[in-house]
Number of protein chains: 2
Amino acid sequence: MDRTAKEDTGVKQQILRRIYLFSGIGEADLSTLARMAVKKTFPRQATIFSEGKEAQGFYLLITGQIKMVKSSLEGKEYIIRLVGPGESFAEAAVFGEIPYPATAIALEDCLTLFFPKGPFLQHLAASPALARNMLATLSRLMFHLTKQLEDLSLKEVSARLARYILERCQHTHGEIAAGLQCELPTTKTQLAAYLGTISETLSRTLSRFKSLGLIEVDKGKITIVDPVALHKMAQGNKS
Amino acid sequence: MDRTAKEDTGVKQQILRRIYLFSGIGEADLSTLARMAVKKTFPRQATIFSEGKEAQGFYLLITGQIKMVKSSLEGKEYIIRLVGPGESFAEAAVFGEIPYPATAIALEDCLTLFFPKGPFLQHLAASPALARNMLATLSRLMFHLTKQLEDLSLKEVSARLARYILERCQHTHGEIAAGLQCELPTTKTQLAAYLGTISETLSRTLSRFKSLGLIEVDKGKITIVDPVALHKMAQGNKS
DNA sequence: CGGCCTGTTGATGCGACTCAATTCAGGTGG
DNA sequence: CCACCTGAATTGAGTCGCATCAACAGGCCG
């Protein structure tokens with residue numbers, strides 16, 4: 001019993017070592033963090049936490065994919081963020097004395113590590129490097145949020161989609177060029193919610209891009225045909 | 001010369017003591033911060049920094065008001081955030097190795113304290129309390145950004161305006177009730193940009209609210225008449 | 001007084017959401 | 001192995017919110 005717990009902590013420490021958030025953190029600190037981390041699994045479709053609820057701690061996604069959503073009364077939803085393995089989520093709720101700002105839902109079966117608020121904050125005070133990493137993480141999230149605000153307020157759907165495709169390509173291949181292929185996350189309905197629109201509009205926009213010779217669509221994959229025109233499309237604004 | 005510099009630092013330290021970001025910070029640390037802070041003034045309409053430029057540090061607004069904006073090619077702009085006295089801005093750019101995410105423009109003559117990136121980061125590593133405050137500040141900003149995203153993606157203009165009025169009232173009087181009055185920031189054109197719309201639409205929406213008996217409008221001031229209906233309006237979504 | 005900026009009001013057009021019908025793919029059970 | 005069911009994707013027609021364009025009124029200042 002005691003021995004398996006110790007082994008378990010060791011495994012968790014191994015995992016933490018590879019996470020960006022904990023880069024540059026000493027082994028002793030990692031060990032402390034590994035001990036406080038609680039393994040939590042969630043099946044597909046499960047709600048991990050709900051908007052407005054008091055924050056108990058934050059999560060680190062190990063495997064699977066989750067979405068953070070805001071939803072309206074009639075069930076329409078906007079996906080604030082898609083979270084992949086190695087990323088943390090709900091960090092902000094831990095520091096600001098604020099409730100969870102959105103609802104987290106598992107898109108696939110997920111394995112997470114949960115860091116309880118109290119112990120984590122206590123440890124944070126003793127680890128400037130961790131605080132620094134956390135600040136960097138939050139800053140980059142904020143940067144992304146402001147980009148989304150810009151998109152929603154100033155750009156139309158076609159520009160948002162074009163930018164998304166380019167970003168996805170950049171993220172996957174490290175460059176943007178004709179012929180490169182990238183795949184869409186989960187379903188198109190999800191992507192539509194992420195782009196702040198609905199599946200019908202996304203479908204129409206994709207087929208318009210196709211007929212304009214910007215992209216090729218095959219199943220869940222998109223091949224870039226005309227990167228230059230796509231880039232110009234991404235700049236376009238509501239004018 | 002040396003003496004005036006010392007007095008100057010003392011004055012700055014006095015100021016810092018009252019700022020939320022530095023609450024709970026010891027006098028020695030405050031003194032260090034006061035010494036590194038550079039007084040910078042900006043006339044009305046001045047650009048403090050521009051989106052995309054490399055971040056040199058962040059600012060603390062002492063007097064005046066500034067707006068952080070994203071603008072499109074044709075000159076239409078969206079105000080991400082209005083900053084008042086006592087608030088810091090551009091903090092995130094300092095931690096994330098990212099450029100300034102938006103452009104900062106003075107709406108009035110402004111006095112600011114500028115904290116250069118290097119010295120501030122160095123000091124941050126030695127002050128867990130400061131790091132903690134900074135995390136709390138960023139978290140609350142993020143919370144606000146996600147609310148804005150929700151508004152833009154799921155709500156229509158009338159709901160956004162209703163929520164804004166209620167928030168303003170809450171912020172000014174600490175409660176929401178019929179008869180309470182709150183004032184609008186700068187011009188209505190600015191407010192429109194903050195709500196993600198344009199002045200014409202804002203004007204129409206305000207007069208509709210008035211004819212519905214929700215509010216009274218007088219010059220730059222708004223008086224709440226029907227808080228319940230206003231609250232219901234704020235929930236409304238695009239359906 | 002004449003310019004300028006802000007705000008208001010009307011007419012028009014466009015983008016995108018809604019609703020509805022249909023097709024398609026995947027998984028299940030008989 | 002095929003019929004069936006469910007959820008996703010597509011396509012068309014209609015509607016609506018809101019941006020655009022344009023004209024005009026009021027306040028402020030040189």
Side-chain angles (χ1 to χ4, degrees), chain A residues 44-45 67 71-79 105 107-108 151-162 183-212 215-222 233 236-239, chain B residues 44-45 67 71-79 105 107-108 151-162 183-212 215-222 233 236-239:
Chain A
R44 199 173 112 86
Q45 303 278 27
K67 63 177 176 182
S71 41
S72 70
L73 302 173
E74 291 87 350
K76 188 181 170 191
E77 66 178 28
Y78 173 69
I79 298 181
I105 294 175
L107 289 174
E108 312 163 6
D151 270 11
L152 283 179
S153 60
L154 300 174
K155 310 274 185 70
E156 50 195 35
V157 171
S158 56
R160 304 209 283 271
L161 175 59
E183 52 183 300
L184 303 177
T186 64
T187 67
K188 284 183 187 169
T189 304
Q190 301 293 324
L191 176 57
Y194 182 69
L195 295 176
T197 182
I198 55 176
S199 60
E200 291 98 318
T201 301
L202 175 61
S203 182
R204 281 182 246 271
T205 309
L206 272 174
S207 60
R208 200 170 76 242
F209 278 14
K210 202 165 132 184
S211 70
L212 285 172
I215 58 171
E216 277 304 321
V217 183
D218 174 53
K219 291 264 205 177
K221 303 218 196 295
I222 288 181
M233 182 72 80
N237 37 26
K238 277 181 185 167
S239 82
Chain B
R44 201 173 110 86
Q45 303 278 24
K67 62 176 177 183
S71 40
S72 71
L73 302 173
E74 291 88 350
K76 188 181 170 189
E77 67 179 27
Y78 172 70
I79 299 182
I105 295 175
L107 289 173
E108 312 164 5
D151 270 11
L152 283 179
S153 60
L154 300 174
K155 310 273 186 70
E156 49 196 35
V157 171
S158 56
R160 304 209 284 271
L161 175 59
E183 51 184 301
L184 303 176
T186 65
T187 66
K188 284 185 186 168
T189 305
Q190 301 293 325
L191 177 57
Y194 181 70
L195 294 176
T197 183
I198 55 176
S199 61
E200 291 96 320
T201 300
L202 175 61
S203 180
R204 281 183 247 270
T205 309
L206 272 174
S207 59
R208 201 170 76 241
F209 277 15
K210 201 166 133 185
S211 71
L212 286 173
I215 57 171
E216 276 305 319
V217 183
D218 173 55
K219 290 266 203 178
K221 303 218 196 297
I222 289 181
M233 181 72 80
N237 36 26
K238 277 181 185 165
S239 88

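Order of the sequence lines fixes the chain letters, A, B, ..., with proteins taken first and strands second; residue numbering starts at 1 for each chain.
- Residues Arg44(B) and Leu107(B) share a closest heavy-atom pair of CG-O, 3.2 Å.
- Of the inter-residue distances, the one linking Ser153(B) atom OG with Asp151(A) atom CG reads 12.5 Å to the nearest 0.5 angstrom.
- In this structure, OH of Tyr78(B) is placed 13 Å from P of dA19(D), rounded to the nearest angstrom.
- Atom CD1 of Ile215(A) is separated from atom OG of Ser207(A) by 9.0 Å, given to the nearest 0.5 angstrom.
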Pair Met233(A)-Leu212(A), side-chain contact (heavy atoms from CB on, under 4.5 Å): steps then yes or no: CA-CA 11 Å; Met233(A) 182 72 80; Leu212(A) 285 172; 4.2 Å; yes

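- For Tyr194(A) against Tyr78(A), the heavy-atom pair with the smallest separation is O-CE1, 3.5 Å.
- Near DNA chain C, defined here as any heavy-atom distance below 4.0 Å, the residues from residues 196-208 of chain A are Gly196(A), Thr197(A), Ile198(A), Glu200(A), Thr201(A), Arg204(A), listed numerically.
- One interatomic measurement links the two molecules: CG of Asp218(A) to P of dA25(C), which rounds to 12 Å at whole-angstrom precision.
- Taking a 4.0 Å limit (strictly below) on heavy-atom distances, residues 183-192 of chain B reaches DNA chain C at Thr187(B), Lys188(B), Thr189(B).
- The OG atom of Ser72(B) lies 9.0 Å from the CD atom of Glu77(B); values are rounded to the nearest 0.5 Å.
- Considering every non-hydrogen atom in both Lys188(A) and Val217(A), the closest pair reads NZ-CG1, 4.3 Å.
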Thr201(B)/Leu195(B) under side-chain contact (heavy atoms from CB on, under 4.5 Å): CA gap, chis, key distance, verdict: CA-CA 10 Å; Thr201(B) 300; Leu195(B) 294 176; over 6 Å; no

